[in-house]
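What follows is a single structure, written as structure tokens, with notes after it.
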Amino acid sequence: MDKTALYRTIWRWHFYAGLLVIPFILVLSVTGAAYLFKPQVDRWEERAWRGLSTADAVSPDARRDAALAAFPGATFQSYRLPQAAGDAVLIHLALPGGAAMRDVFVSPQGKVVGSLDPEQRLMQLDHDIHGELLLGKRGSWLVELAASWAIVMILSGLYLWWPRGRGLAGVVWPRLGSRQAFWRDLHAVTGFWVAGLALVLLLTGLPWTGVWGAAFQAVRQELGWVKGRPDWTIGGKAPPGALADDSDPHAMHREHDHAAMMAGSAMPMDHAGHGMSPVLLSEIVARAEAAHLAFPAIVSPPTKPGAGWSVRSDAQNRPLRASLTYDALTGAETSRETFADKHPIDRAVGYGIAWHEGQLFGWVNQLVGVLTALMLVTLAVSGFVMWRRRRPADLLGAPPLPALPARIGGVVGIVLVLAAALPLLALSLALFWLIERLVLIRIPPVARWLGLAV
């Protein structure tokens with residue numbers, strides 16, 4: 001294949017793959033921007049149960065018992081310490097028969113003041129759309145495929161649009177005096193400035209994905225890059241060695257809750273968590289309060305004989321997280337794991353997750369995330385408008401080719417390296433090529449409409 005034909009193929013794939021990715025980019029940008037504000041949205045959702053009176057406060061055991069009394073037959077799963085003294089505590093329960101879970105809010109006086117279905121909380125719904133498009137495992141594959149192609153779009157787009165002997169106008173800044181070049185410049189300039197930030201977001205999301213994340217986990221196991229429990233999910237499920245109730249900003253609560261319900265149904269204890277441990281919940285809560293863990297701090301009872309009480313911080317800013325366990329018979333601390341104790345790979349992923357979700361640097365991180373999402377939306381919309389404005393009436397119609405770059409091999413190298421690193425990208429490229437060569441090009445009207453025929 002000569003350089004011109006190769007360039008035409010790459011340009012066509014860049015363009016048509018871009019059309020396919022645009023809907024996903026829009027959905028992921030909007031839902032991702034919303035998820036940046038999960039702490040604020042959660043606090044707003046719980047606003048009616050904050051700032052309550054602290055007079056005549058009862059013990060954590062009494063608050064748990066009040067929640068269980070309000071939902072007969074339910075099983076106690078965890079106790080979330082209040083963020084402030086006047087806030088209601090959140091008691092997480094498994095409803096009878098493993099039907100569902102419930103977040104029950106209990107006032108300092110031991111009165112149930114409200115409850116929520118954790119699956120229907122605003123940020124959980126947003127998370128499910130962002131991670132799975134509400135389609136389960138197949139949806140997560142689509143998201144991973146879209147993310148893989150988005151990486152190709154960004155890198156190949158930078159290469160294809162980079163100025164060659166005409167200065168930086170139209171790439172680093174728009175040519176404001178040219179109305180004809182407005183959409184082209186808007187697309188190129190936005191792509192230039194968002195490229196780095198978008199790549200960071202896309203790459204930090206890969207450890208959660210089903211295919212790439214599973215391969216990454218296998219490599220870590222093979223090379224011995226594992227220390228302690230993994231702290232993120234893969235394709236919505238906790239990887240081997242992770243606690244069933246470990247929380248993750250992109251975790252599938254239904255997977256964790258199902259595991260918790262199964263564990264709870266097999267426990268030789270009553271619904272309140274008695275029988276497994278003579279140590280009271282109130283004692284463990286007191287120890288958790290003294291540890292000053294970052295909010296939300298979660299206390300979970302023993303789930304099997306020989307297990308202890310678990311106290312952990314599920315802060316979205318991963319470097320603030322810590323996990324402690326206490327002996328079920330004596331209440332003595334038996335282990336403590338902080339972010340610094342994790343393997344360097346886990347710490348790198350943790351920093352990436354915190355950045356991805358806008359929690360690493362507080363509101364500055366959230367602002368950068370929102371700007372990145374807005375630029376990605378601009379990139380998608382401007383690309384679509386460019387296509388519509390320049391598309392021939394009877395063709396799907398990629399825009400005309402730019403000048404042939406002198407080093408077309410660079411684009412090929414980018415695609416090959418990415419295909420080697422991204423399994424779903426490699427698979428889709430192979431399928432794309434086979435379908436194009438063996439099917440589409442043999443159907444003249446389709447080939448002409450897609451721009452395959454010369």
Side-chain angles (χ1 to χ4, degrees), residues 59-68 71 74-83 88-95 98 100-106 116 118 228-233 238 241-249 251-316 320-338:
S59 69
D61 288 279
R63 300 183 201 187
R64 175 204 57 205
D65 293 343
L68 289 167
F71 293 87
T75 303
F76 170 58
Q77 297 297 326
S78 65
Y79 178 107
R80 191 190 76 184
L81 274 64
Q83 188 172 14
V89 298
L90 188 159
I91 310 292
H92 194 55
L93 302 179
L95 299 183
M101 309 295 288
R102 191 70 74 231
D103 288 342
V104 183
F105 295 87
V106 184
L116 294 171
R229 296 184 295 269
D231 198 23
W232 66 88
T233 60
L243 290 176
D245 59 353
D246 273 351
S247 176
D248 184 275
M252 288 302 297
H253 290 300
R254 63 178 65 90
E255 294 290 344
H256 295 165
D257 292 343
H258 176 74
M261 286 188 284
M262 295 302 100
S265 63
M267 286 190 287
M269 57 198 300
D270 63 26
H271 294 297
H274 303 141
M276 181 69 72
S277 169
V279 177
L280 297 178
L281 171 64
S282 297
E283 299 176 54
I284 304 301
V285 168
R287 287 170 170 77
E289 291 173 340
H292 301 292
L293 301 181
F295 182 83
I298 312 294
V299 176
S300 303
T303 56
K304 59 184 179 181
W309 286 87
S310 166
V311 177
R312 69 185 188 280
S313 165
D314 282 345
Q316 284 184 267
L320 300 181
R321 286 191 170 190
S323 297
L324 298 81
T325 57
Y326 295 91
D327 187 271
L329 298 178
T330 65
E333 182 180 314
T334 56
S335 70
R336 178 185 293 256
E337 182 185 74
T338 65

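Side chains are part of it too, since the values below use all heavy atoms of this structure and drop only hydrogens, waters and symmetry mates.
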Worksheet entry | Arg312 and Ser300 side chains, donor-acceptor separation under 3.5 Å | yes
Check residues 278-289 and write down every donor-acceptor pair under 3.5 Å in which the side-chain atom is one partner and the other belongs to a residue at least two apart or another chain.
unit_1 : atom_1 : unit_2 : atom_2 : d
Ser282 : OG     : Asp61  : N      : 3.3
Ser282 : OG     : Asp61  : OD2    : 2.4
Glu283 : OE2    : Leu280 : N      : 3.2
Arg287 : NE     : Gly331 : O      : 2.9
Arg287 : NH1    : Glu283 : O      : 3.3

Practice prompt. Could you check if a side-chain atom of Val299 sits within less than 4.5 angstrom of a side-chain atom of Leu81, using non-hydrogen atoms only?
Written response: yes
Worksheet item: By side chain to side chain donor-acceptor pair (under 3.5 Å), which residues pair with Thr334, not counting sequence neighbours?
Response: Thr325
Discussion item. As an exercise, state the distance from CZ of Phe295 to CD of Gln83, rounded to the nearest 0.5 Å.
Written reply: 4.5 Å
Worksheet entry | Test ring pair (Phe, Tyr, Trp, His ring centres under 6.0 Å) applied to Tyr326 - qualifying residues, sequence neighbours left out | none
Worksheet item: Tell me, do Leu93 and Leu68 make a side-chain contact under 4.5 Å, heavy atoms counted?
Response: yes
Worksheet entry | Side-chain heavy-atom pair His92, Met101 within 4.5 angstrom cut-off | yes
Worksheet item: Between atom CG of Asp103 and atom CG of Leu90, what is the distance when rounded to the nearest 0.5 Å?
Response: 4.0 Å
Worksheet item: Which value, rounded to the nearest 0.5 Å, describes the distance between Thr338 atom OG1 and Leu320 atom CG?
Response: 11.0 Å
Worksheet item: Does any non-hydrogen side-chain atom of Phe71 lie less than 4.5 Å from one of Val104?
Response: yes
Worksheet, complete the sentence: Minimal heavy-atom distance between Leu116 and Arg102, with the atoms involved, is O-CD, 3.3 Å
Worksheet item: For the atom pair OG1 (Thr303) and CD (Gln77), what is the distance rounded to the nearest 0.5 Å?
Response: 9.5 Å
Worksheet item: Can you tell me if Arg321 uses its side chain to pair, donor with acceptor, with the backbone of Ala315 under 3.5 Å?
Response: yes
Discussion item. My understanding is that only residues two or more places apart in sequence, or in another chain, count here; which of them pass side-chain contact (heavy atoms from CB on, under 4.5 Å) with Leu293?
Written reply: Ala291, Ala297, Val311, Ser313, Ala322, Leu324
Item to complete: Under the side-chain contact (heavy atoms from CB on, under 4.5 Å) rule, collect the residues that match up with Ala62, sequence neighbours excluded.
Response: Val58, Ser59
Fill in: Least distance between heavy atoms, Phe105 atom then Ala88 atom
CB-CB, 4.1 Å
Worksheet, complete the sentence: Closest non-hydrogen atoms of Ala328 and Trp309, given as atom of the first, atom of the second and distance, are CA-CD1, 4.1 Å
Item to complete: Give the minimum heavy-atom separation between Thr330 and Asp327, together with the two atoms involved.
Response: N-OD1, 2.9 Å
